[in-house]
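Please read these numbers as outputs of a predicted model, since none were measured by experiment.
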Amino acid sequence: MNAYAPILVLGALGAGFAIFSVVMASIIGPKRYNRAKLEAYECGIEPTPQPAGGGRFPIKYYLTAMLFIVFDIEIVFLYPWAVTFDALGLFGLVEMLLFVLTVFVAYAYVWRRGGLEWD
């Protein structure tokens, strides 16, 4: 249990700070509400009415999100592999080659669908 104590203390400090910040902001923060503040903010664009089921998003939105996630996850897995490269040996090399091949397939899909073209 001693090994987990610093992690639990850090988690408690983080949760305590978050709760304290939210409570204090609601207590001492300004309370000047008006119609403009209560509307949804859309980067300065006037909000438009949406259909009951929600609006349709272009495929570029999803491709950009998928591209970010694919490469973000790739980096998360490549760092530990690079640190323990010598200890993993040939097995680690083959597994990482399969992983990079899988990432390349996702990259090729995004490239083919036009996700890298910023018109």
Side-chain angles (χ1 to χ4, degrees):
M1 187 64 177
N2 287 337
Y4 295 111
I7 296 172
L8 293 174
V9 169
L10 186 61
L13 282 174
F17 178 73
I19 292 169
F20 174 77
S21 298
V22 170
V23 169
M24 291 307 291
S26 66
I27 292 172
I28 64 174
K31 294 170 179 51
R32 295 182 299 253
Y33 297 111
N34 58 30
R35 186 173 178 216
K37 275 192 171 185
L38 296 176
E39 287 186 10
Y41 178 69
E42 295 187 12
C43 301
I45 300 171
E46 289 293 324
T48 57
Q50 294 290 328
R56 297 184 73 183
F57 290 97
I59 190 72
K60 285 245 188 223
Y61 174 79
Y62 296 105
L63 288 176
T64 304
M66 185 174 73
L67 184 65
F68 172 76
I69 289 171
V70 162
F71 289 111
D72 191 42
I73 290 173
E74 178 184 15
I75 294 301
V76 166
F77 282 117
L78 279 176
Y79 274 127
W81 174 75
V83 169
T84 61
F85 177 71
D86 290 337
L88 295 175
L90 184 63
F91 173 76
L93 180 64
V94 171
E95 289 298 319
M96 191 49 64
L97 286 175
L98 290 173
F99 176 71
V100 170
L101 179 68
T102 306
V103 169
F104 179 73
V105 168
Y107 174 72
Y109 172 76
V110 171
W111 188 0
R112 186 170 182 196
R113 296 288 297 189
L116 300 175
E117 297 171 8
W118 306 106
D119 296 331

With a 4.5 Å cut-off on side-chain heavy-atom distances among I, L, V, M, F, W and Y, is there a chain of contacts connecting [X] to [Y]?
| X | Y | answer |
| --- | --- | --- |
| I73 | V83 | no |
| L97 | V103 | yes |
| F104 | L67 | yes |
| F77 | V94 | yes |
| F17 | L10 | no |

Look at the aromatic rings of F85 and W81 and report parallel, tilted or perpendicular, splitting at 30° and 60°.
perpendicular
What is the distance from atom CG of L90 to atom CD of E95, rounded to the nearest 0.5 Å?
10.0 Å
To the nearest 0.5 Å, how far apart are CZ in R112 and OH in Y109?
10.0 Å
